[in-house]
Q: 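Structure in structure tokens, see below.
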Amino acid sequence: MEITVRESSGISIIDLKGSLDTGTAPVLNDKLDELTGRGVSKILIVLAGVDFVSSAGLRVLLATTKRLRKTGGDLRLCGLNETVQEVFEISGFDSLMKVFGVEAEAMSDF
């Protein structure tokens with residue numbers, strides 16, 4: 001899993017590449033903990049480069065979303081390919097988190 005973080009308009013944007021699974025979810029969790037620990041309250045995760053998401057990956061995303069919402073922040077997702085979108089729909093996570101087609105839409109929703 002490759003994780004790249006950039007900032008734009010007060011939003012931390014995380015670009016992911018690879019699989020978000022049992023082996024890589026802890027790495028993403030550590031990065032998200034680091035950001036929220038520094039006071040970041042708006043996070044956008046771009047999943048365009050992600051080819052697979054396991055339940056471990058979903059748990060990290062949901063836990064971070066809940067943590068951010070408790071403090072008035074939020075997490076957005078965008079760029080899900082068909083396979084990842086299907087995982088979100090089947091698991092019901094598409095109704096728990098805000099999912100957008102493209103980055104610009106997600107950015108404007110904050």
Side-chain angles (χ1 to χ4, degrees):
M1 161 88 33
E2 184 180 322
I3 301 172
T4 307
V5 180
R6 54 193 165 94
E7 305 287 328
S8 178
S9 303
I11 301 167
S12 289
I13 304 166
I14 301 175
D15 293 288
L16 301 180
K17 290 186 180 157
S19 294
L20 182 53
D21 55 25
T22 304
T24 60
V27 177
L28 177 60
N29 189 61
D30 289 347
K31 178 56 71 177
L32 292 167
D33 282 349
E34 175 190 322
L35 291 170
T36 57
R38 289 192 342 233
V40 171
S41 62
K42 297 177 184 177
I43 298 175
L44 169 60
I45 300 181
V46 181
L47 296 169
V50 174
D51 52 16
F52 175 77
V53 176
S54 74
S55 59
L58 291 174
R59 280 192 300 273
V60 168
L61 296 174
L62 183 59
T64 303
T65 299
K66 288 180 175 181
R67 188 168 61 244
L68 287 168
R69 288 180 179 166
K70 283 182 183 177
T71 60
D74 210 349
L75 181 136
R76 308 276 190 273
L77 304 168
C78 72
L80 286 66
N81 67 33
E82 190 175 317
T83 303
V84 174
Q85 180 68 39
E86 188 174 312
V87 169
F88 273 77
E89 289 171 2
I90 289 170
S91 65
F93 274 61
D94 60 333
S95 65
L96 299 173
M97 293 185 267
K98 294 188 176 187
V99 180
F100 297 87
V102 296
E103 188 175 315
E105 290 174 350
M107 294 283 290
S108 67
D109 189 63
F110 275 107

Q: Could I get the full list of side-chain hydrogen bond (donor to acceptor under 3.5 Å, both in side chains) partners for Gln85, not counting sequence neighbours?
A: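 By the side-chain hydrogen bond (donor to acceptor under 3.5 Å, both in side chains) rule, Gln85 matches Glu89.
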Q: Indicate yes or no: at least one non-hydrogen side-chain atom of Ile13 is less than 4.5 angstrom from one of Met107.
A: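 Of all side-chain heavy-atom pairs linking Met107 with Ile13, at least one is under 4.5 Å.
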Q: Is Val5 linked to Leu28 within one hydrophobic cluster, defined over Ile, Leu, Val, Met, Phe, Trp and Tyr using a side-chain heavy-atom separation of less than 4.5 Å?
A: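 They do share one cluster, since a chain of ILVMFWY contacts under 4.5 Å joins Val5 to Leu28.
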Q: Can you tell me how far the CG atom of Leu77 sits from the OG1 atom of Thr65, to the nearest 0.5 Å?
A: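 Result: 6.5 Å between the selected atoms.
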Q: Can you see which heavy atom on Ala56 is nearest to which on Thr22, and at what distance?
A: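 Minimum heavy-atom contact is CB-CA, 3.9 Å.
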Q: For a quick test of reading the model, state the closest non-hydrogen atom pair linking Arg67 to Thr36 and the distance between them.
A: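 Minimum heavy-atom separation between Arg67 and Thr36: NE-OG1, 3.6 Å.
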Q: Atom CG in Asp51, atom OG in Ser19: separation rounded to 0.5 Å?
A: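 The distance works out to 4.0 Å.
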Q: Are any non-hydrogen side-chain atoms of Leu20 and Val84 less than 4.5 angstrom apart?
A: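 The answer is no, as the side chains (C-beta and beyond) never meet within the 4.5 Å cut-off.
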Q: Could you state whether Leu80 and Leu96 fall into the same hydrophobic cluster, counting links through intermediate Ile, Leu, Val, Met, Phe, Trp or Tyr residues with side-chain heavy atoms under 4.5 angstrom apart?
A: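 In one cluster: yes.
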Q: May I ask you to test the Met1-Val27 pair for a side-chain heavy-atom distance under 4.5 Å?
A: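 Result no, sub-4.5 Å side-chain heavy-atom pair not found.
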Q: Answer yes or no for Arg76 and Phe100: cation-pi contact, defined as NZ/CZ to six-membered ring centre under 6.0 Å and angle to ring axis within 45°.
A: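 Checked: cation-pi criterion not met.
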Q: Got a second to check how far Met97's CE is from Arg69's CZ, nearest 0.5 Å?
A: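 Interatomic distance, Met97 CE to Arg69 CZ, rounded to 0.5 Å: 8.5 Å.
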Q: For Arg6, which residues count as a salt bridge (charged side-chain N to carboxylate O under 4.0 Å, His left out) partner, sequence neighbours excluded?
A: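 Testing Arg6 for salt bridge (charged side-chain N to carboxylate O under 4.0 Å, His left out), a comparison that skips the adjacent residues, returns Asp15, Glu103.
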Q: Does the Ser9 side chain pair with the main chain of Ile11, one donor and one acceptor, at a distance under 3.5 Å?
A: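 Pair absent, no side-chain N/O of Ser9 close to backbone of Ile11.
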Q: Does Asp21 have any side-chain hydrogen bond (donor to acceptor under 3.5 Å, both in side chains) partners at least two apart in sequence or in another chain, and if so, which?
A: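 Here the qualifying residues are Thr24.
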Q: First locate atom OG1 of Thr4, then atom NZ of Lys31, and finally report the distance between them rounded to the nearest 0.5 Å.
A: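 Rounded to the nearest 0.5 Å, the OG1-NZ separation comes to 9.5 Å.
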Q: Below 4.5 Å, heavy atoms only, C-beta onward: do Phe93 and Val87 meet side chain to side chain?
A: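 No; the side chains remain at least 4.5 Å from each other.
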Q: Considering all heavy atoms of both residues, which atom of Leu16 and which atom of Leu47 are nearest to each other, and what is their separation?
A: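 For Leu16 and Leu47, the tightest heavy-atom pair comes out as CD1-CD2, 3.7 Å.
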Q: In terms of heavy-atom contacts, does CD of Glu86 have more than 12 from other residues, nucleotides or ligands at under 6.0 Å?
A: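 Result for CD/Glu86: open.
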Q: So if you build clusters from Ile, Leu, Val, Met, Phe, Trp, Tyr with side-chain heavy-atom gaps below 4.5 Å, do Ile45 and Val50 land together?
A: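 In one cluster: yes.
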Q: Quick check: closest heavy atoms across Gly10 and Lys42, and the distance to 0.1 Å?
A: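 Closest approach of Gly10 to Lys42, heavy atoms only: O-CB, 4.1 Å.
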Q: In Å and rounded to the nearest 0.5 Å, what is the CD1 to CG distance from Ile43 to Leu35?
A: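 Going from CD1 on Ile43 over to CG on Leu35, the span is 5.0 Å.
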Q: Quick check: closest heavy atoms across Phe110 and Asp74, and the distance to 0.1 Å?
A: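 For Phe110 and Asp74, the tightest heavy-atom pair comes out as CE2-O, 3.6 Å.
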Q: Same cluster or not: Leu44 versus Val60, using hydrophobic residues (I, L, V, M, F, W, Y) connected whenever any side-chain heavy atoms lie under 4.5 Å apart?
A: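 Each belongs to a different hydrophobic cluster.
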Q: Using the rule that Ile, Leu, Val, Met, Phe, Trp and Tyr join whenever any side-chain heavy atoms are under 4.5 Å apart, tell me whether Val46 and Ile14 fall into a single cluster.
A: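 In one cluster: no.
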Q: Can you tell me how far apart OG (Ser12) and CG (Leu32) are? Round to the nearest 0.5 Å.
A: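 Interatomic distance, Ser12 OG to Leu32 CG, rounded to 0.5 Å: 9.5 Å.
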